[in-house]
Asker: 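First the structure, then my questions, so here it is.
The sequence lines fix the lettering, A, B, ..., with proteins before strands; numbering per chain opens at 1.
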There are 2 protein chains.
Amino acid sequence: MATSLAEENYLKIIYRLSENTELGVSTNAVAELAQTKAASVTDMLQKLAEKGWVIYQKYQGVRLTPSGQKIALSIIRKHRLWEVFLVEKLGYNWDEVHEIAEQLEHIESESLIQKLDEFLDFPDRDPHGDPIPTRDGKMADQIYQPLSELKEKMDCVLMGVAKDSAVFLQLLTKLDLNLGAKITILEINSFDRSLQIQVNSASPIFVSHEVAKNILVKA
Amino acid sequence: MATSLAEENYLKIIYRLSENTELGVSTNAVAELAQTKAASVTDMLQKLAEKGWVIYQKYQGVRLTPSGQKIALSIIRKHRLWEVFLVEKLGYNWDEVHEIAEQLEHIESESLIQKLDEFLDFPDRDPHGDPIPTRDGKMADQIYQPLSELKEKMDCVLMGVAKDSAVFLQLLTKLDLNLGAKITILEINSFDRSLQIQVNSASPIFVSHEVAKNILVKA
DNA sequence: ATATTTTTTTAGTCTTACCTAAAAATTTAT
DNA sequence: ATAAATTTTTAGGTAAGACTAAAAAAATAT
């Protein structure tokens with residue numbers, strides 16, 4: 001069955017919100033990410049349920065069916081492959097590609113994605129370190145952990161980010177915190193959980209707990 | 001002012017229909033290309049006129065204003081650049097790219113098109129030999145002439161096509177009539193104006209007048 | 001010059017995806 | 001356990017872009 005642009009965006013949002021929890025996703029949570037009103041979300045959830053892409057019961061939140069999940073994963077696959085293209089082939093920075101990929105992810109063509117995948121040499125991570133779902137809808141786990149979970153004196157390598165807003169990524173870039181950066185935790189401030197770290201053996205810098213939470217590293 | 005997908009497609013169609021004639025474009029002609037009904041076209045023409053992109057007077061047909069033409073040319077530019085990408089970088093054949101480019105042409109990002117143009121090394125023709133409008137909205141003339149206008153015994157090179165439907169392009173490919181093919185006109189049949197031609201010095205073949213009309217060559 | 005045919009427009013609906021305001025259900029606080 | 005606050009749903013509307021049927025204008029034929 002054909003999916004409209006709006007439907008695809010809803011399925012993608014529901015997928016994202018389902019990643020953390022086993023429970024149903026709330027109407028309000030969807031509304032916030034969709035930048036729309038709760039009433040509109042209720043409308044759409046009913047339509048998605050009729051089409052068999054979500055399980056929806058009034059007041060009980062929503063969860064994806066296998067077919068809904070398959071659609072969501074295919075959108076995410078397209079989004080992430082296009083991001084690789086934009087960065088690797090067109091020379092964009094990692095903070096510039098999200099919005100363009102939001103448009104490109106809705107282009108409909110099986111063969112296009114196959115050829116793009118091949119052209120990019122079958123990448124398995126996007127420029128933010130996120131895994132790219134396979135053609136048959138399997139996505140590797142996020143195997144990296146937030147920098148905020150490490151202890152003092154530990155070394156690690158920056159492998160990804162948990163948030164891809166432009167302002168956040170621009171901050172990281174300014175701090176020389178790019179993919180592959182070597183990080184040493186010098187000290188964790190117990191008062192506000194901010195960290196003093198060393199990036200690629202340069203002079204120490206401070207990052208807030210909020211920032212550290214969104215930096216994914218391999219110990 | 002922002003343009004919707006539907007508006008962009010109408011402007012593109014009106015541009016195409018204006019290329020041949022100085023007069024206004026008829027409602028029915030637009031309806032046919034837009035694969036919609038005349039009543040829907042009338043609706044849309046009124047909206048486009050309000051936005052200042054076309055001059056429209058009841059029963060008098062429609063023509064593009066400079067701003068409407070600028071939008072149309074930017075869509076055509078995007079369409080043709082994406083076609084070059086699909087053929088040159090992803091390995092598509094020239095008969096497979098039209099529909100995908102119809103989707104890609106609506107992606108909105110100035111920087112994307114600039115970077116794509118650069119990545120493709122600033123092509124000035126698409127895979128069908130059509131000129132690609134420049135960034136500032138100038139399009140080179142179609143400098144090639146239909147094969148059907150040449151005389152017997154003349155030699156020429158295939159530089160483009162005047163029609164990019166998949167069936168037509170597949171026929172050409174089967175006859176080895178690709179971009180750059182060397183053609184010699186052996187004989188023109190005065191009864192039905194069909195031609196006997198030689199392609200790249202192979203054994204002679206016949207092509208109809210209809211086919212010859214849509215093959216563009218450099219003498 | 002008038003009648004017929006064709007083209008175009010108007011009028012009234014439909015669907016999608018959104019909205020606001022009000023009602024109902026659920027959750028939280030006392 | 002009940003009251004208050006919050007969340008969610010329903011009801012009723014709007015705009016874009018399509019549709020059909022009927023009316024009006026223009027073009028063609030007699």
Asker: Heavy atoms only, 4.0 Å cut-off, all strands: where does B:T36 land among base, sugar-phosphate and nothing?
Answerer: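 The answer is sugar-phosphate, as B:T36 gets under 4.0 Å only of primed atoms, P, OP1 or OP2.
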
Asker: To the nearest Å, give me how far apart CE (A:M44) and C1' (D:dT10) are.
Answerer: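 So the two atoms are 18 Å apart, to the nearest Å.
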
Asker: Using a strict cut-off of less than 4.0 Å between a Lys/Arg side-chain nitrogen and an Asp/Glu carboxylate oxygen, indicate whether B:R135 and B:D117 qualify as a salt bridge.
Answerer: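 Here B:R135 does not pair with B:D117 in a salt bridge, since their nearest N and O are not under 4.0 Å apart.
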
Asker: Of the options A:K12, A:K47, A:K51, which is the one that meets A:E7 in a salt bridge (charged side-chain N to carboxylate O under 4.0 Å, His left out)?
Answerer: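 Running salt bridge (charged side-chain N to carboxylate O under 4.0 Å, His left out) over A:K12, A:K47, A:K51 with A:E7 returns exactly one hit, A:K51.
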
Asker: In terms of the nearest nucleotide of DNA chain C, which residue is placed more toward the 5' end: A:A39 or B:Y56?
Answerer: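 Taking each residue's closest nucleotide, the earlier one in sequence belongs to B:Y56.
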
Asker: How far apart are the C-alpha atoms of A:F85 and A:Y92, what are their side-chain angles, what is the distance that settles it, and do they pass the ring pair (Phe, Tyr, Trp, His ring centres under 6.0 Å) test?
Answerer: CA-CA 9 Å; A:F85 169 73; A:Y92 275 102; 9.1 Å; no

Asker: Without decimals, in angstroms, what is the distance between B:N28 CG and D:dA26 P?
Answerer: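 B:N28 atom CG is separated from D:dA26 atom P by 15 Å.
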
Asker: Is the shortest side-chain heavy-atom distance between A:L81 and A:P123 below 4.5 Å?
Answerer: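 The answer is yes; the side chains approach within 4.5 Å.
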
Asker: D:dT10 C1' sits how many Å from A:L45 CG, rounded?
Answerer: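 Rounding to the nearest Å, CG of A:L45 and C1' of D:dT10 are 14 Å apart.
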
Asker: Using heavy-atom distances to pick each residue's nearest nucleotide on DNA chain C, tell me which of A:K58 and A:A38 is more 5'.
Answerer: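 The 5'-side residue here is A:A38.
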
Asker: Should B:V54 and B:I14 count as side-chain neighbours, where that means a heavy-atom distance under 4.5 Å?
Answerer: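 In short, these two side chains touch, coming nearer than 4.5 Å.
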
Asker: Among D:dT10, D:dG17, D:dT20, find the nucleotide with the atom closest to the side chain of B:K47.
Answerer: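 Side chain of B:K47 sits closest to D:dG17.
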
Asker: Could you pull out all residues at least two apart from B:D95 that satisfy salt bridge (charged side-chain N to carboxylate O under 4.0 Å, His left out)?
Answerer: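 B:D95: no salt bridge (charged side-chain N to carboxylate O under 4.0 Å, His left out) contacts found.
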
Asker: Which is the 5'-most and which the 3'-most nucleotide of DNA chain C that has an atom under 4.0 Å from a heavy atom of chain B?
Answerer: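 First and last nucleotides in contact are C:dT7 to C:dT10.
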
Asker: What class does the angle between the rings of A:H79 and A:H98 fall in, given that below 30° is parallel, 30 to 60° is tilted and above 60° is perpendicular?
Answerer: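 If you compare the ring of A:H79 with that of A:H98, the planes turn out tilted.
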
Asker: Report the distance from atom CD of A:Q46 to atom P of D:dT8, rounded to the nearest whole Å.
Answerer: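 Distance check: A:Q46 CD to D:dT8 P gives 14 Å.
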
Asker: Compare side-chain N and O positions of A:Y59 against OP1 and OP2 of D:dT6 and report whether any pair is under 4.0 Å apart.
Answerer: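 For D:dT6, neither OP1 nor OP2 has a side-chain N or O of A:Y59 closer than 4.0 Å.
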
Asker: Check the distance between D:dT8's P and A:Q57's CD and give it to me in whole angstrom.
Answerer: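 It works out to 15 Å between those atoms.
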
Asker: Heavy atoms only, 4.0 Å cut-off, all strands: where does B:T42 land among base, sugar-phosphate and nothing?
Answerer: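 Answer is base: heavy atoms of B:T42 come under 4.0 Å of a base.
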
Asker: Report the distance from atom CG of A:L5 to atom P of D:dA16, rounded to the nearest whole Å.
Answerer: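 Atom-to-atom, A:L5 to D:dA16, this comes out as 18 Å.
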
Asker: Take the protein atom CD1 of B:I13 and the nucleotide atom C1' of D:dG17, then report the distance between them rounded to whole Å.
Answerer: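 Distance, rounded to whole Å: 14 Å.
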
